[in-house]
Amino acid sequence: MASEKVIGIDLGTTNSCVAIVEDGTPVVIPNRGGYKTTPSMVAIAENGKRLVGHIAKRQAITNAENTVFAAKRLIGRKWGSAAVRTSIETMPYRIVEGPHDDVRIVLRDQVFSIPEVSAYILQEMKMIAEEYLGEEVQKAVVTVPAYFNDGQRQATKDAGRVAGLDVIRIINEPTAGALAYGFGRNIERKVAVYDLGGGTFDISILEIGNGVFEVISTAGDTFLGGEDFDRRIIDWLVFNFQRDHKIDLRKDKMALQRLKDVAEKAKCELSSVRETEINLPFIISTGRNEALHLQTTLTRDKLEELTADLIDRTVEICAKTLEEAEIGKGDIEDVILVGGMTRMPRVQQAVAEFFGLEPCKGVHPDEVVALGAAIQGAALVDEKSDILLLDVTPHSLGIMIVGGYFHKLIEQNTTVPTSKSHVFTTVKDNQTSVKILVLQGESERAEENELLGEFVLTGLRRAPRGEVEIEVTFHISADGIVSVKARDLETGTEQSITVTATSGLTEDEIRKMIDANKDYMVEVRSGQEFEKARHAAERVLDEIEQLFPKVSEIISGSDFGQDAVKKARSVVERARGAIAQRDLPGLVEATEALSRTLNMFRGVVSKTRGA
């Protein structure tokens with residue numbers, strides 16, 4: 001029996017990609033347009049229709065307020081975070097506070113959660129895979145930045161559920177890149193994966209050997225990527241235009257979206273040429289029947305000057321990772337570049353200078369993560385697979401203790417899955433309950449770390465402080481999802497929590513989204529069936545219309561002939577009416593009648609030729 005198909009999805013900030021292992025070989029699945037990546041964009045059109053991918057990107061300039069891009073930078077974040085504040089200032093779409101201290105987006109007066117928007121992109125990837133395979137796909141491995149915290153991982157898993165996918169594993173993007181790099185190769189090497197994508201940066205150090213991929217150390221920045229490079233170009237264009245014309249282009253959302261579009265194109269072009277022309281005619285009107293144009297030249301040197309500190313930040317994070325892993329640069333035998341931003345020559349140069357060796361050219365930066373996810377997916381359902389993936393937790397985990405301090409139970413870069421227990425005592429006389437605050441981070445002060453969740457253990461025996469012992473156990477799954485248990489050692493009373501971060505969706509919200517999405521998919525599939533039926537009907541209609549003059553001429557002399565022509569006209573009108581009204585059952589019925597009419601027409605013509 002063939003093993004169940006599992007797709008690998010790279011849910012990217014700028015673009016997403018889907019892959020599968022076929023006959024032992026991982027392959028990227030192209031979308032309907034033949035492209036191997038799909039823009040991670042979602043829009044709501046004026047007629048209320050949901051647009052995803054290339055079709056959303058094509059209308060972004062004229063529908064900027066209702067087109068979402070870079071949603072991944074907001075997933076799992078709390079409303080008050082610095083990243084959200086920055087996004088509110090720079091994004092053309094409206095960002096509002098959700099009911100759980102989370103982030104929501106407003107498109108045409110409809111409010112969407114970030115996992116919901118991400119689900120639409122995942123669903124598009126699912127549909128691309130299903131069209132390619134000719135069967136339904138239910139299981140997936142989805143990648144996330146290595147430095148994502150628990151809340152961001154859980155929100156990504158929620159997005160998978162809403163999309164109708166069983167996300168059997170969440171894996172880190174650099175680890176997926178290393179999997180694809182080492183797959184099918186009998187190598188033993190220590191490698192660094194430098195992953196600079198559209199919205200995030202990760203660096204991971206791995207030991208690869210005999211089918212075992214062991215992550216030694218990982219670090220990153222979940223708000224550093226290609227979007228920031230684009231922003232530097234936009235700011236430079238806006239500054240120069242304001243200096244010359246005293247007009248701030250950022251106040252016009254359509255102009256801002258045009259700037260975003262041209263900045264991204266210029267950045268990409270400068271990876272292969274030394275300078276590029278930026279030309280935006282009629283960028284804005286002065287209100288005095290005078291339109292202004294933006295025309296300038298951006299050189300590669302200027303781009304490198306504008307973004308030097310961003311590249312330096314990635315190198316600083318690389319240095320920190322090596323130091324924490326107690327690994328020298330000379331111990332690294334290969335550097336793998338992942339993510340579209342690694343095409344920038346200055347980035348490649350900075351990586352080569354830091355590690356003292358040229359990066360490996362044997363992987364495709366846009367496709368390697370999805371391929372690695374597909375490899376992991378196939379390995380999870382194949383009992384004979386000899387691939388073993390040992391990843392780490394990117395952040396330390398622990399609880400708040402008396403004095404507002406953070407007590408770490410699991411240190412960062414601990415291999416997952418893992419469990420760790422520690423015994424604490426009560427801090428007050430006659431204390432009958434204890435509140436457990438679960439935190440993630442590196443600061444000694446609890447308030448400076450990320451609060452993942454909280455719960456209360458009640459029913460403790462009244463006793464002097466220090467007498468009642470409570471055992472707290474942390475468990476991290478292979479997905480990096482955290483669960484915590486607290487137990488009164490004397491009575492055995494237990495309380496536990498699977499940490500769904502405080503900014504996560506409720507189970508009720510997720511179920512409602514799943515139901516709404518199922519209804520949408522029924523509409524989509526019905527639409528696809530109608531389009532197939534329409535194409536089939538139009539092929540028959542075209543041939544009938546071509547034969548009509550000849551058939552009319554041949555048989556119009558008899559009463560039978562006139563009656564036949566009249567019936568044929570009626571069938572044609574019925575079919576055209578069904579197409580206009582998008583009536584699928586009516587169209588199927590009319591197409592059958594059309595086929596009979598066409599056969600009759602062909603018979604008349606062939607008999608005449610025979611005569």
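Values reported hereafter were calculated over all heavy atoms of this structure, with side chains retained and with hydrogens, waters and symmetry mates removed.
The distance from atom CG of Asp331 to atom CZ of Arg189, rounded to the nearest 0.5 Å, is 13.0 Å.
Counting heavy atoms from C-beta outward, Thr218 and Ile205 have side chains that stay 4.5 Å or more apart. Counting only heavy atoms from C-beta outward, the side chains of Phe148 and Arg153 approach each other to under 4.5 Å. In this structure, the side chains of Ile203 and Val193 stay at 4.5 Å or more apart for every pair of heavy atoms. By the 4.5 Å heavy-atom criterion applied to side chains, Leu206 and Glu214 are not counted as neighbours. Between Val212 and Leu390 there is a side-chain heavy-atom pair separated by less than 4.5 Å. The side-chain heavy atoms of Lys5 and Lys139, taken from C-beta on, include no pair separated by under 4.5 Å. Between Leu322 and Lys329 the shortest side-chain heavy-atom distance falls below 4.5 Å.
A centroid separation of less than 6.0 Å is found between the aromatic rings of His395 and Tyr147.
Of the charged side-chain nitrogens involved, none lies within less than 4.0 Å of a carboxylate oxygen, so that Arg231 and Glu227 do not count as a salt-bridged pair. Salt bridge present: Lys267 and Asp230 bring a charged side-chain N and a carboxylate O closer than 4.0 Å.
Evaluation of the side chain to side chain donor-acceptor pair (under 3.5 Å) rule for Thr14 yields no partner, not counting sequence neighbours. By the ring pair (Phe, Tyr, Trp, His ring centres under 6.0 Å) test, Tyr194 pairs with Phe201, sequence neighbours left out.
The side chain to side chain contact (heavy atoms under 4.5 Å, CB included) test with Val144 is passed by exactly one of Ile170, Asp479, Thr222, Ile75: Ile170.
Ring geometry, Tyr93 versus Phe69: the interplanar angle exceeds 60°, so the pair is classed perpendicular (tilted spans 30 to 60°).
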Under the side chain to side chain contact (heavy atoms under 4.5 Å, CB included) criterion, do Lys408 and Glu442 qualify, and how do the steps go? CA-CA 8 Å; Lys408 293 178 186 176; Glu442 309 310 321; 3.6 Å; yes
